[in-house]
Structure formats: structure tokens, C-alpha cells
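Since the model is a prediction, treat every value here as computed from it, not as a measurement. When a ligand or atom number is given, it counts from 1 through the structure's own listing order. Basis for what follows: all heavy atoms, side chains included, without hydrogens, waters or symmetry-related copies.
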Amino acid sequence: MILVTGGLGYIGSHTCVSLSDAGQDLVILDNLSNSKAAVLERLREICPNVVQFEKGDIRDKATLTRVFNTFKISAVLHFAGLKAVGESNKSPISYYDNNVGGTLCLLEAMTAAAVRTLVFSSSATVYGDCSDVPIPEDNSRSATNPYGRSKLFIEDILADLYASDNQWRIARLRYFNPVGAHESGRIGEDPVGVPANLMPYIAQVAVGHREQLNVFGGDYPTRDGTGLRDYVHVMDLAEGHVAALRGLQRQGGMLTVNLGTGRGTSVLELINAFSLVSQREIPYKIVERRLGDVAQSYAAVGHAEQILGWKAKRQLSDMCADHWRWQIENPDGYPES
Ligand code: NAD
Ligand code: UD1
């Protein structure tokens, strides 16, 4: 059985579907701080295999001990954490507590239970303000905010752990910009409040929840002056986790891998692609740059293909179509239930 921390969140829930499709039984541990119980019902509709759920916090030792004692866990996929950059500037302590402190608690519990296989959700944010694209895994790392620094710290903690005991099998997966939804339209991204990220904002404009999109900067040195990012379909990302787990089971070691498509898409290109698929107009206005944004960021993807045999398959039009299906069928996100 696989333990999925944060498995009711956006990326965790989609990864649960891919793991289940691959024949794995799952237990999700989530404190519902950024997700809803309805996700579990939806997952149980679409997952062919067993999905157990424990409500609890990864910082709670008693909960972790109970989970490891109750289920026969062979590996952990660790998504639980806080992820809002702006909020991390305002509340750095809660970011270090949740992300770094939570990971330490989890690692202690794994050590006690002799479970030594871990897939960790890192981020392209560890490349800091690097604009030299495509970005390879051996690029220098830095952080521009507490959220990013929490990912850097955890990456280093995992490296130290592996250096201390190479029985550990650890994958540090650096996601670029996950978007889209499962093709069933039953699960998807459900941000609380005003979306900070581009794709959910566009989707909310298209569905009529918001009037217009502010495009942050039209004077970047890119082909149309707007920022370029590596948008990757969340189901490709999910399948990347299954590949990483298989890679660890096959060869052990510590893997550090970018998960992206290797292609940069501009803000205006994404607006156009979404508008085409949804047949809706997306009103927008070009405004000042957002503080801390880089002009362009996209992944070097050769390493993922070489060591995991994984490559993103879905196109930008699939990302928009699946995100749109989720948005139109669930205009207010998940029900509270
Ligand atoms: P999310 O907020 O949708 O999911 C995180 C889940 O973890 C939520 O269900 C939340 O309730 C749970 N959680 C948070 N703290 C917890 C705790 N202490 N104990 C138990 N559960 C807890 O986020 P997501 O977009 O699915 O991201 C998952 C992981 O991937 C995060 O670690 C995030 O930093 C990382 N990541 C996300 C992105 C992105 O753009 N979404 C990009 C790079 C990396
Ligand atoms: C975000 C995260 C970053 C994370 C990365 C990958 C923030 C501030 N940063 O950055 O930590 O590593 O995702 O998951 O959340 N844009 C607009 N208008 C909007 C929103 C965004 O024009 O309303 C533009 C941005 O300027 C950028 C692009 O759209 O050029 C993508 O923005 P976003 O979705 O926030 O992703 P990142 O900037 O890559």
C-alpha cells in the first residue's frame, strides 16, 4: 500500500488516480487545510483500487504512528504542504513549520516503520530567478521567498538523509506549471479565493466568475512580451510519479528530476488556446509586471526521459480542454459536503 500525504489536494488527487490505475492500493493522509472531503468521494468513483483515508496532520506523531501501524505501507508520496508564495512572505513560520517541520515528522515516522521509499513534491521554484532556459537539474538553486526556501531546505535534508543511509530510495521531483484536470471532469484544481496562478484565473474569467485577467507585464524579452512558462498537464505529472516510484523500485538511489514539457508558452498564447477550446472570450488587460516573476522558465526534459522513461504526452489544447471541462461542470469547485 502507498501512503499519499496531501492526497486530497490538486496534484495528489490526480496522482492517486494514476497510482490506482497502475494497480496500487492507497491510503491518503490529509488535514483538509486546503482541500475538501468531496475529493475523496470523487476519487472513489474513478479509482479502480482501494482508497483509504485518514484525516490528520503530518506534524502529528501519534497520527503518523497509527497510520504506519495500521497499514502495510511500502512507499510514501509526499504532497502535503503549503504552496502560496505571497502567503509565505507574510507567514514564514507556518511555511517552515508545515513544510519543513512536517517533512521531518514524516521522515522520523518512516524511519521508525522502516519504510524508506519516498517521492517528494519539489518545484521549479528552486531554480530561483534563473532565466537561462531550458533549465537542467544541475542548474544552481536559490530561493526568492520562504515557500521556495522551504523546498530548498527539504531537498537538502533528503540529500543528507540519503548520504547517511543509502538504503533510502528518494525522488525529488521538480514540477514546472501543473494545469488541467482529469479527463472525467470529476476532479480538478479548486483554489480558495482569488487564484494566484494563471490557468485557474483564465478559467474563472471564461466561466464568468471574474471580469477580466490582468496580464502581468507586456515588456518581457520574449516573443510577444509576456512571460513564458512550462505548462504541464496534471495527468502527465501524475504519471511521472508512477514512473518515479517504479524507477526507485527498480534501481534505488536518489533521483532529482524535472517534470515539465520542455516548451515555453506565453501568457497570450495560453489565453488564445483557452479561448479557442472554450469558445469564450477572455477579456484581459496588460498591467505592471508582478514582483518576483521571471521572463521565462521551462524545463530541460532529457533527464526524466532517460532515467524514468517518462515524457509529457498531452498538448496545450488537451490541458485547456480538460481544465475547461472541470470548470464548466463544477463552476463553484467541489461541493462543501
Ligand atoms: P494543494 O494545496 O492542492 O494540496 C496539498 C494538500 O496537502 C491539501 O489537500 C492540504 O489539505 C494538505 N496538507 C497541507 N498541509 C498538511 C499537513 N500539515 N498535514 C496533512 N495534510 C496537509 O497543493 P498541490 O498544488 O496539490 O501541491 C502539492 C505539492 O506540490 C505541494 O507540496 C506543492 O508545494 C508542490 N508543488 C505544487 C505546484 C503547483 O503549481 N500546484 C508546483 C510545484 C510544486
Ligand atoms: C508559480 C509560483 C512558483 C511556482 C510555479 C510553478 C507564484 C507567485 N509563483 O509561478 O512558486 O514554482 O508557479 O508551479 O505563485 N500571470 C498573469 N496574470 C495572472 C497570473 C499570472 O499574467 O493573474 C502570469 C505570470 O506573470 C507568469 C505566468 O502568468 O508569467 C504564470 O504565472 P503563475 O501561474 O503564477 O506561475 P509562475 O509565475 O510560474
With a cut-off of 4.0 Å, which atoms of ligand 1 are near a heavy atom of S123?
43 (C), 44 (C)
Salt bridge between E269 and R229, side-chain N to carboxylate O under 4.0 Å?
no
Only one of L19, L29, D30 passes side-chain contact (heavy atoms from CB on, under 4.5 Å) with V4, and that residue is L19
Does one side chain, of D322 or H233, offer a donor that lies under 3.5 Å from an acceptor on the other?
yes
Ligand 1 atoms in contact with L32 (distance to a heavy atom under 4.0 Å)
11 (O)
Could you check whether N258 and Y127, counting side-chain N and O atoms only, form a donor-acceptor pair closer than 3.5 Å?
yes
Salt bridge D156-R141, side-chain N to carboxylate O under 4.0 Å
yes
Consider ligand 1: state whether an atom of it lies below 4.0 angstrom from any non-hydrogen atom of S122.
yes
For atom 7 (C) of ligand 2, which of the options V85, V126, V205 provides the nearest non-hydrogen atom?
V85
Using non-hydrogen atoms of the residue, decide whether Y284 is closer than 4.0 angstrom to ligand 2.
no
Winner among Y95, Y10, F79 once heavy atoms are compared against atom 29 (C) of ligand 1:
F79
One thing to verify: whether K311 and D236 come together as a salt bridge, which I'm taking to mean a side-chain N less than 4.0 angstrom from a carboxylate O.
no
From the options N31, L77, V126, V234, select the one whose nearest heavy atom is closest to atom 13 (N) of ligand 1.
N31
Between Q296 and T222: side-chain donor-acceptor atoms closer than 3.5 Å:
no
Are E45 and R186 ion-paired here, with the side-chain N under 4.0 Å from a carboxylate O?
yes
Test item: side-chain donor near acceptor, R325 and N330, under 3.5 Å
no
Quick one: nearest non-hydrogen protein atom to atom 4 (O) of ligand 1, plus distance?
G9 CA, 3.3 Å
Contact between G56 and ligand 1, counting heavy atoms under 4.0 Å?
yes
Contact region, N98 to ligand 1, non-hydrogen atoms below 4.0 Å, reads side chain
Atom 14 (O) of ligand 2: of Y298, F176, F216, the nearest heavy atom sits on F176
Between the side chains of R263 and D230, is the shortest nitrogen-to-carboxylate-oxygen separation below 4.0 Å, so that they form an ion pair?
no
Among L198, N272, D224, which residue meets the side-chain contact (heavy atoms from CB on, under 4.5 Å) test with V267?
L198
Counting each atom of ligand 1 from 1 as listed, which ones have a heavy atom of S35 under 4.0 Å away?
8 (C), 9 (O), 11 (O)
Among all protein heavy atoms, pick the one closest to atom 7 (O) of ligand 1 and tell me residue, atom and distance.
G6 CA, 3.3 Å
Below 4.0 angstrom from a heavy atom of N177, which ligand 2 atoms are there? Numbered from 1 as shown, please.
6 (C), 13 (O), 36 (O), 37 (P), 39 (O)
Among protein heavy atoms, which sits nearest to atom 26 (O) of ligand 1, and what does the distance come to when rounded to 0.1 Å?
I11 N, 2.8 Å
List the steps, then state whether side chain to side chain contact (heavy atoms under 4.5 Å, CB included) holds for I187 with H14.
CA-CA 7 Å; I187 58 170; H14 288 79; 3.6 Å; yes
Contact between ligand 1 and G102 is defined here as a heavy atom of the residue under 4.0 Å from a ligand atom; is it met?
no
For S33, take its heavy atoms, then give the atoms of ligand 1 lying under 4.0 Å from any of them.
10 (C), 11 (O), 13 (N), 14 (C), 15 (N)
Sub-4.0 Å heavy-atom contact, A196 with ligand 2
yes
Presence of salt bridge, R59 and D97, under 4.0 angstrom:
yes
Atoms of ligand 1 less than 4.0 Å from L8 heavy atoms?
9 (O)
Just which atoms of ligand 1 are under 4.0 Å from any heavy atom in S121?
29 (C), 30 (O), 32 (O), 35 (C)
For ligand 1, is there an atom lying under 4.0 Å from some heavy atom of R174?
no
Backbone, side chain, both or neither: what part of E189 comes under 4.0 angstrom of ligand 1, heavy atoms only?
neither
With a 6.0 Å cut-off on ring centres, are H209 and Y201 close enough?
no
Per-atom contacts of ligand 1 with P178, taking only distances under 4.0 Å to non-hydrogen atoms:
39 (C), 40 (O)
